[in-house]
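Here's the structure we're looking at; comments come further down.
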Amino acid sequence: MTKNKKLLAWVNEMAELCKPDKVHWCDGSKEEYDRMMDEMVASGMAIRLNEKKRPGSYLFRSHPSDVARVEDRTFIASATKEEAGPTNNWRDPKELKATLTGLFNGSMKGRTMYVLPFVMGPLNSPFSIIGVELTDSPYVAVNMRLMTRMGKDALDMLGEDGDFVPCLHSVGAPLKPGDKDSTWPCAPMEDKYIAHFPEERAIWSYGSGYGGNALLGKKCLALRIASAIARDEGWQAEHMLILGLTNSEGEKTYITAAFPSACGKTNLAMLVPTLPDYKVETLGDDIAWLRKGEDGRIYAVNPEAGFFGVAPGTSYQSNPNAMHTIERDTIFTNVALTDDGDVWWEGIGTPAPDHLIDWQGNDWTPDSGKNAAHPNARFTVSAVQCPAISPDWEKPEGVPVSAMLIGGRRPRVVPLVMESRDWAHGIFLGSVMGSEITAATISDKIGQVRRDPFAMLPFIGYNVGDYLKHWLEVGEGSDPSKLPRIYHVNWFLKSDEGKFLWPGFGDNVRVLDWIVRRLKGEVGAVETPIGNLPEEKDINLTGLKDVDLSALLKVDKALWAEEAKAIAAYYEGMDRLPEELKEQLKGLQERLK
Ligand code: GTP
Ligand code: SPV
Ligand code: MN
């Protein structure tokens, strides 16, 4: 246990409020994990998969209403509404605390409160942040063991007088004596609160057991709270993957990429190149903490210890490294179960079996007419199981970044790749990035394009205008030759018939190849009004057939004039938008004339 007074006092206070039957301090050991899994299998919450097919692995099925992040129920309770800005749901911190105190009062009755000390970032790095999550969900506890450095090591790092981010979580379903528990307890939508108190650096999450709503080290701490800390301390917390790309000369280039949820970060991070000259190593698939090093370059660290990845679409064809990573010791949520105790999902690369149990626990056959796995079904797995994991992935100082990719799902308008003209132009492109909304969030607008600045729309813990200013400031006073260059990419252009124009996945290395040769000054670019595009001859298409590069690299001035109008309207709604970005928009409008 711990002698940390702040922690002991907080755990006591919260236990008095939530009134669990028991308090269990998690040590993070494998024995403890196995024991908790045994208990969940016994209670019916977890299904142990076939030990021969999927050793050490389990399946969970969520409540059908609790399948993804809930942006409408996510709150930033900064001191003022202006602090939270136009893109966040703001609540007065005192009022929200009072509401939540009411909800948490007795919320853990009949349950165990698990104390999960965890570290975001490598153990004992001065840049890492310690959190402690209190939760009544054993599912959260086992997931946090894979996703963070959780348990005794975190307590040791905290020491007697270390500080931590308090993260309170309850599924919001207290039990009365004699009540039969459900296999996925949670609260109704209107009672869910994913609440952040950036001034206090605290997180209170009520009513959901799923992913980013409940694994509080991830989106809540490592992005929303960390982004606010980072603004104050002069670094950045971003929704980015980190990869290392080695060419045939053995030169290594580190690249990050900010794509919105379910837009290809895990896939790019684990890419198996279709060009034989390249090799990719994985450092992170979702979050990067960025800091300027003494040499003036920007260094990236992955604060997580595991992957919480989208299952549908993951196959030995599309992402073999992910498939190898999840061959054992994996937690699956909302995938389908085969009759021989293994998992299946749409796009796994094998034909649908004649019979499955779908993600809701019902019989399923190929003519059921619905998905067997939920589109946001996920796997949780420790990063070290990834065959492509980089030897540098836990370096406390991180790796120096040469290029940053941004982009999302844009079926039209935005070309396959464009290079920003300079840092400020790159920030402009990031600020207006758009993407189709995906199943990673609960929404009635799935498929519609929305602006998602740097893929951080749901994750900025403060005012978006200040966030963009912070990005611009990173460039000010920096030697431009040391800053990463910013590239906008779009793997998701579609033909009029609705088919993807670009093969994507392993073939995305062909775009990385252009970027790396650009960084080395080996290839030129075509200056267009929207940015610098490749010459068609410089994209290596060896071995590919029927790729319409001219469609992929087209700049349609009329469409872009409309886009510029839409950007202007979007900017209108931003109260603290930096002047420099308005200038950038004017520049685009001028160049389009
Ligand atoms: P989060 O974990 O939600 O942050 O998602 P992510 O950005 O890591 O997305 P991920 O790599 O899991 O991909 C999401 C979906 O997009 C999967 O179904 C993939 O198969 C699909 N996808 C990924 N890369 C590509 C690509 O290059 N082309 C196409 N067409 N689909 C892709
Ligand atoms: C995302 O939605 O960006 C995810 C999944 O990475 S979740 O952890 O649910 O936020
Ligand atoms: Mn994500």
Side-chain angles (χ1 to χ4, degrees), residues 62 66-71 74 140 143-144 147-148 194 205 208-224 238-243 257-272 274 282 284-288 304 306-315 317-319 321-323 326 333-334 345-349 371 373-380 405-411 416-417 435-443 452 455-459 489-494 498-512:
S62 81
D66 201 26
V67 293
R69 284 184 296 101
V70 285
E71 294 178 11
T74 298
V140 167
N143 273 274
M144 286 290 284
M147 293 304 297
T148 72
I194 320 301
S205 167
S208 168
Y210 201 90
N213 302 328
L215 312 177
L216 301 187
K218 194 174 180 57
K219 300 300 158 101
C220 299
L221 196 164
L223 286 178
R224 298 195 191 94
E238 298 297 334
H239 192 200
M240 287 178 167
L241 68 91
I242 313 167
L243 66 81
F259 306 153
S261 302
C263 291
K265 290 183 299 303
T266 303
N267 276 270
L268 190 64
M270 297 182 185
L271 176 136
V272 177
T274 54
T282 310
D285 83 327
D286 200 49
I287 301 179
E304 301 191 280
F307 308 125
F308 183 62
V310 177
T314 308
S315 69
Q317 181 68 35
S318 64
N319 190 350
N321 281 330
M323 291 300 281
I326 60 178
T333 307
N334 288 345
W345 48 76
E346 282 70 22
I348 197 173
N371 288 336
H374 188 277
N376 191 42
R378 299 253 167 184
F379 53 78
T380 318
L405 275 49
I406 56 175
R409 291 177 182 260
R410 291 294 302 265
L416 176 66
V417 55
S435 188
E436 291 173 336
I437 300 173
T438 66
T441 178
I442 293 179
S443 168
D452 188 346
M456 281 288 282
L457 179 72
F459 309 121
V489 300
N490 181 16
W491 314 144
F492 299 96
L493 274 169
K494 284 185 176 164
K499 280 184 61 182
F500 287 121
L501 289 174
W502 179 245
F505 301 102
D507 287 313
N508 290 332
V509 75
R510 298 169 194 273
V511 173
L512 301 185

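Atoms within each ligand, like the ligands themselves, are counted from 1 in listed order. Keep in mind that the numbers below use all heavy atoms, side chains included, and drop hydrogens, waters and symmetry copies.
Considering backbone and side-chain atoms together, Phe500 places no N or O closer than 3.5 Å to any N or O of ligand 1. Residue contacts with ligand 2: Lys265 is placed with no nitrogen or oxygen under 3.5 Å of a nitrogen or oxygen of the ligand (distance criterion only). Note: an N/O pair closer than 3.5 Å links Lys219 and ligand 2 by distance alone. Ligand 1 has no nitrogen or oxygen under 3.5 angstrom from a nitrogen or oxygen of Lys219. The shortest N/O to N/O separation between Pro312 and ligand 1 falls below 3.5 Å. Considering backbone and side-chain N/O of Phe459, none are found under 3.5 Å from N/O of ligand 2. Residue Phe505 has at least one nitrogen or oxygen atom sitting less than 3.5 Å from a nitrogen or oxygen atom of ligand 1, judged on distance alone. Polar contact check, Thr314 against ligand 1: no nitrogen or oxygen pair lies under 3.5 Å apart. Inclusion of Ala440 in the set of residues having an N or O under 3.5 Å from an N or O of ligand 1 is not warranted.
For atom 10 (P) of ligand 1, the candidate residues are Thr441, Asn376, Asn267; the nearest heavy-atom contact is made by Asn267. Among Met147, Arg378, Arg69, Glu304, the residue whose heavy atom sits closest to atom 5 (C) of ligand 2 is Arg378.
Protein atoms that are N, O or S and lie under 2.8 Å from the Mn ion (ligand 3) are these: Lys219 NZ, His239 NE2, Asp286 OD1.
Atom 9 (O) of ligand 2 has Gly212 N, 2.9 Å as its closest protein atom, hydrogens excluded (heavy atom only). The shortest contact between atom 4 (O) of ligand 1 and any protein heavy atom is with Lys265 NZ, 2.7 Å. The shortest contact between atom 16 (O) of ligand 1 and any protein heavy atom is with Arg409 NH2, 2.9 Å. Nearest protein heavy-atom contact of atom 1 (P) of ligand 1 is Ala262 N, 3.4 Å.
The line from CG of Leu268 to CG of Leu243 is 5.5 Å long, rounded to the nearest 0.5 Å. In this structure, CD in Glu71 is found 6.5 Å from CG in Leu457, a value given to the nearest 0.5 Å. We find the OG-CE distance between Ser318 and Met323 to be 8.0 Å, quoted to the nearest 0.5 Å. Rounding to the nearest 0.5 Å places OG1 of Thr266 at 12.0 Å from CG of Asn321.
Annotation for ligand 1: atoms under 4.0 Å from non-hydrogen atoms of Gly264 are 6 (P), 7 (O), 9 (O), 10 (P), 11 (O), 13 (O), 23 (C), 24 (N). The ligand atoms of ligand 1 that sit less than 4.0 angstrom from a heavy atom of Asp286 are 4 (O). Heavy-atom proximity to His239, at under 4.0 Å, picks out these atoms of ligand 1: 4 (O). Heavy-atom contacts of Ala440 reach the following atoms of ligand 2: 2 (O) (cutoff under 4.0 Å). Near Arg378, the atoms of ligand 1 lying under 4.0 angstrom from a non-hydrogen atom of the residue are 1 (P), 2 (O), 3 (O). Every atom of ligand 1 with a heavy atom of Pro260 under 4.0 Å away is listed here by number and element: 7 (O). If you number the atoms of ligand 1 from 1 as listed, the ones under 4.0 Å from a heavy atom of Gly313 come out as 18 (O), 20 (O). Of all atoms in ligand 2, listed by their number and element, those nearer than 4.0 Å to a heavy atom of Ser261 are 1 (C), 2 (O), 3 (O).
Trp345 places a side-chain N or O within 3.5 Å of a backbone atom of Thr314 that can act as its donor or acceptor partner. One N or O on the side chain of Lys265 and one on the backbone of Phe259 form a donor-acceptor pair closer than 3.5 Å. Asp286 places no side-chain N or O within 3.5 Å of a backbone atom of Phe308 that could act as its donor or acceptor partner.
At a heavy-atom cutoff of 4.0 Å, ligand 1 is contacted by both the backbone and the side chain of Ser261. For Leu215, no heavy-atom contact with ligand 2 is shorter than 4.0 Å. Residue contacts with ligand 2, taken as heavy atom pairs separated by less than 4.0 Å, involve Phe308 solely via side-chain atoms from C-beta onward. Residue-level proximity to ligand 1 for Thr438 is absent, since no heavy atom of it falls below 4.0 angstrom.
Residue-ligand proximity: Trp502 is placed with every non-hydrogen atom at 4.0 Å or more from ligand 1.
In this model, no donor atom of one side chain and acceptor atom of the other lie less than 3.5 Å apart for Arg224 and Thr74.
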Discussion item. Go through it in stages, so that I can follow the logic: the residues are Ser435 and Asp452, the test is side-chain hydrogen bond (donor to acceptor under 3.5 Å, both in side chains), and I'd like the CA-CA distance, side-chain angles, deciding distance and then a yes or no.
Written reply: CA-CA 7 Å; Ser435 188; Asp452 188 346; over 6 Å; no
